[in-house]
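Report on the structure given below.
Numbers here simply count residues along the sequence, with the first being 1. Both counts, for ligands and for their atoms, begin at 1 and track the order of listing.
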Amino acid sequence: MKTISDIKSARNTVQNWKKDGYTIGLVPTMGFLHDGHASLIEKAVKENDKVVVSIFVNPIQFAPNEDFDKYPRDLQKDSDLCKKLGADLIFAPTANEMYPSKIYTKVDVQSLGDNLCGAKRQGHFSGVCTVVSKLFNIIKPDKAYFGQKDAQQLAIVKKMVEDLNFDIEIVPCKIIREPSGLAMSSRNAYLTDLQKNSALIISKSLNEALKSLKFGEQNVGKIKNIIEQKIKSEPLAKIDYIEIVDLQSLEPVTKIQNDILVAVAVFIGKTRLIDNFVFKMERE
Ligand code: AMP
């Protein structure tokens, strides 16, 4: 497995693979890899001849008050894992390689980016879509793998690919959790043991909401209330948002008629964690 940090060499490597008729899978990440990322890489290895894992903490998707500087990084450990999983190339550019000069062109994300995390993180999804487009143009993969953990990101990237005619299949991957139920995240590394224990309230609250939906509850307010009360029972947890939105449009729903996404963002101390589930309406 190679690790490359410059765009030209990454392009050459992939171009040579393509000349030999290999299919290419791309797993875009910000590194500090865990089993959630590993599940994406494993799927990519199964479905493609060559797999590229990009590791890049993208400055333009962080607001000035966010955690860009302290975001955890460990390229050596990441590269050991990628090698073990059978990836063929790590593309780990510096910020200067990706943004050598001020950029004047960004992907503009419209309404899908207005709610949920988009409402809380100004410019975040424009930054995400810009870097994902750059990675797509550099690697030119056949398939790219994204986790349902970042449900809004997945929906926005899928729509971007459709809107901008990228010839790439977006492969969604399910959320991987710790045995405790906590959704895996590089940001879990910020948590003390006590905070990690408090963070379990997030998946517990979502499980309760799912249970009530399965029992036939259709009142959006009541479902949100179940989640809110549960999270509020944990003193270290502070709700950023609780949203129930249409799975396609990501617009808030008042009635549960179509498939929905139930998504939350919660601060545990200074660490902002997100989690979600999809509830599909049964149709005859
Ligand atoms: P990140 O490094 O956080 O930008 O994540 C890179 C990719 O891994 C994104 O597509 C995420 O949705 C996905 N991912 C992160 N955590 C998980 C998880 N717990 N389960 C599944 N996918 C995940």
- Checking side chain to side chain donor-acceptor pair (under 3.5 Å) for the pair S111/D114: CA distance, chi angles, key distance, verdict? CA-CA 5 Å; S111 64; D114 289 349; 5.3 Å; no

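Ligand 1 is surrounded by P28, T29, M30, H34, G36, H37, L40, Y71, F146, G147, K149, D150, Q153, K174, I175, I176, M184, each with at least one heavy atom closer than 4.0 Å.
If you run side chain to side chain contact (heavy atoms under 4.5 Å, CB included) between I260 and each of V253, D246, L247, only V253 comes through.
Remark: E162 engages K159 in a salt bridge, criterion side-chain N to carboxylate O under 4.0 Å. Looking at K224 and E228, no side-chain N of the basic residue comes within less than 4.0 Å of a carboxylate O on the acidic one, giving no salt bridge. A salt bridge links K196 to E178: at least one charged side-chain nitrogen sits closer than 4.0 Å to a carboxylate oxygen.
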Solution key, residues 60-67 side-chain donor-acceptor pairs under 3.5 Å, sequence neighbours excluded:
{"residue": "Q61", "atom": "OE1", "partner": "N58", "partner atom": "ND2", "Å": "2.9"}
{"residue": "E66", "atom": "OE1", "partner": "A63", "partner atom": "N", "Å": "3.0"}
{"residue": "E66", "atom": "OE1", "partner": "R121", "partner atom": "NE", "Å": "3.3"}
{"residue": "E66", "atom": "OE1", "partner": "R121", "partner atom": "NH2", "Å": "2.8"}
{"residue": "E66", "atom": "OE2", "partner": "R121", "partner atom": "NE", "Å": "3.0"}
{"residue": "D67", "atom": "OD1", "partner": "R187", "partner atom": "NH2", "Å": "3.1"}
{"residue": "D67", "atom": "OD2", "partner": "R187", "partner atom": "NE", "Å": "2.8"}
{"residue": "D67", "atom": "OD2", "partner": "Y190", "partner atom": "OH", "Å": "2.9"}

